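A note on names: the letters A, B, ... follow the listed sequences, proteins ahead of strands, and every chain is numbered from 1. Predicted model, so just to flag it, every value in this text is computed and none were measured.
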Number of protein chains: 2
Amino acid sequence: MDTDDELRIDAPHRELLDQILDKWSLSVLNELCERPCRFNELRRAISQVTQKSLTATLRRLERNGVIEREVVSTRPVAVMYRITPLGKTLRHPVDVLLAWASQNMPVIERAREDFDRREEEAHP
Amino acid sequence: MDTDDELRIDAPHRELLDQILDKWSLSVLNELCERPCRFNELRRAISQVTQKSLTATLRRLERNGVIEREVVSTRPVAVMYRITPLGKTLRHPVDVLLAWASQNMPVIERAREDFDRREEEAHP
DNA sequence: CTGGATCCGGTACGATACTG
DNA sequence: CAGTATCGTACCGGATCCAG
């Protein structure tokens, strides 16, 4: 019943997913979908991210065109990040994925427990 | 247009995505969606994967309940991997994601070029 | 045939210090 | 405020060798 269409993972796809689904990107997208944010706003909103990782994540997302960076020349400078139209289109696929994760989390956790228990029995 | 529902990325979700969307998992899922495979079949089908990475990927996917491992006690032993019902349900979200990637790849590549060119102008 | 064990180099990441 | 620079660490994937 599930269609037999292709599901190719060539290098460009793989690379793209790595850039957009990495550790912090989804959290950043989440924040910026709600409102434009400044750097330290994001940093506070995503409490565990380090400044270095946040910088790298923002750069990557900007390079891929899903967020925008605007420098406001005040003193001191302000930098505003916002989602782009392309970035907004990313939301649906991500939501589908997260919905799947939420729905199946219980099943998956049971599977993990079963697996770990079997492992333990095999290697006491 | 795009709904305003939540898009939470808590630690469990994050971990789950890391386990299921990592470098080789999608290729493995792809193969096993088409037919059950033995270890070396998979290895040949996914030409660049090393045996170590393939082993690790299969273990991870098995632990999360999306694939099954069956040992056939012949001489020498054979091991058959197949997708589980849970694994099949993963296909739709992944397809949505890949469809997004395919559709937007041209836009993204232009964004990258623009970004890189601006970088180069800024740092000659 | 199906992996496990080991070594190894690259890279991602965290912590800290410093700058325009 | 919004980063850059530097350092040390942890982990990952690749290569190779070995075993049930």
Side-chain angles (χ1 to χ4, degrees), chain A residues 9 11 14-28 31-32 35-64 67-82 115 118-120 122-124, chain B residues 9 11 14-15 17-28 31-32 36-64 67-82 115 118-119 122-123:
Chain A
I9 320 291
R14 186 63 261 166
E15 185 202 358
L16 180 57
L17 295 188
D18 285 342
Q19 304 232 330
I20 286 178
L21 296 182
D22 72 302
K23 189 171 184 188
W24 301 111
S25 290
L26 294 188
S27 298
V28 170
E31 292 303 317
L32 294 185
R35 68 191 182 291
C37 278
R38 299 180 52 178
F39 186 85
N40 277 357
E41 277 184 283
L42 282 171
R43 199 176 168 184
R44 278 188 296 273
I46 309 167
S47 53
Q48 304 98 329
V49 72
T50 65
Q51 148 264 62
K52 179 180 176 179
S53 301
L54 181 56
T55 301
T57 300
L58 291 169
R59 282 278 182 284
R60 228 182 354 256
L61 293 179
E62 186 195 0
R63 187 171 114 91
N64 286 277
I67 68 171
E68 264 176 3
R69 179 176 184 270
E70 180 199 0
V71 179
V72 184
S73 300
T74 54
R75 298 291 319 234
V77 295
V79 179
M80 192 62 93
Y81 293 94
R82 51 172 52 87
F115 181 91
R118 285 199 306 269
E119 284 296 273
E120 204 161 345
H123 307 285
Chain B
I9 318 290
R14 185 62 263 165
E15 186 203 358
L17 295 187
D18 284 342
Q19 305 232 330
I20 285 177
L21 296 180
D22 72 303
K23 189 170 182 187
W24 301 111
S25 289
L26 294 189
S27 298
V28 170
E31 291 303 317
L32 295 184
C37 278
R38 298 183 49 182
F39 186 84
N40 278 357
E41 277 185 284
L42 282 171
R43 199 175 169 183
R44 278 188 296 273
I46 308 167
S47 52
Q48 303 98 329
V49 72
T50 65
Q51 155 263 60
K52 177 181 174 179
S53 302
L54 182 56
T55 302
T57 301
L58 290 168
R59 282 278 182 283
R60 230 184 350 259
L61 293 179
E62 187 195 358
R63 188 172 112 91
N64 285 277
I67 68 172
E68 265 175 2
R69 179 176 183 270
E70 179 199 359
V71 180
V72 185
S73 301
T74 54
R75 299 295 316 236
V77 295
V79 180
M80 191 65 91
Y81 293 94
R82 52 173 53 88
F115 181 91
R118 286 198 306 270
E119 285 294 274
H123 306 285

Check: Which residues pass the salt bridge (charged side-chain N to carboxylate O under 4.0 Å, His left out) test with A:Glu41, sequence neighbours left out?
Finding: none
Please tell me which of the listed nucleotides, [options], lies nearest to the side chain of [X]?
X	options	result
A:Arg38	C:dC1, D:dA2, C:dG3	D:dA2
A:Ser53	C:dT2, C:dG14, D:dT4	C:dG14
A:Thr50	C:dG14, D:dA2, C:dG3	C:dG14
B:Asp22	D:dG13, D:dG3, C:dC1	D:dG13
B:Arg69	D:dG14, C:dT2, D:dA2	C:dT2
B:Arg59	C:dT2, D:dT4, C:dG4	C:dG4
B:Thr55	C:dG4, D:dG3, C:dG14	C:dG4

Item checked: Closest non-hydrogen atom pair between B:Gln19 and B:Asp22, with its separation -> O-OD1, 3.4 Å
Margin query: Please give me the minimum heavy-atom distance between B:Thr74 and B:Ala78, naming the atom from each residue.
Written below: OG1-N, 3.7 Å
Margin query: Need to verify one output field. Residue with the more 5' nearest nucleotide on DNA chain C, B:Arg44 or B:Lys52?
Written below: B:Arg44
Checklist line | 5' priority, DNA chain C, between A:Val77 and B:Leu58 [closest heavy atom] | finding: B:Leu58
Check: Taking the nucleotide of DNA chain D with the closest heavy atom to each, which residue, B:Ala56 or A:Tyr81, is nearer the 5' end?
Finding: A:Tyr81
Item checked: Any donor-acceptor N/O pair under 3.5 Å between C:dG14 base and A:Gln48 side chain -> no
Next item on the list: For residues B:Leu42 and B:Leu32, determine if any side-chain heavy atom of one lies less than 4.5 Å from a side-chain heavy atom of the other.
Entry: yes
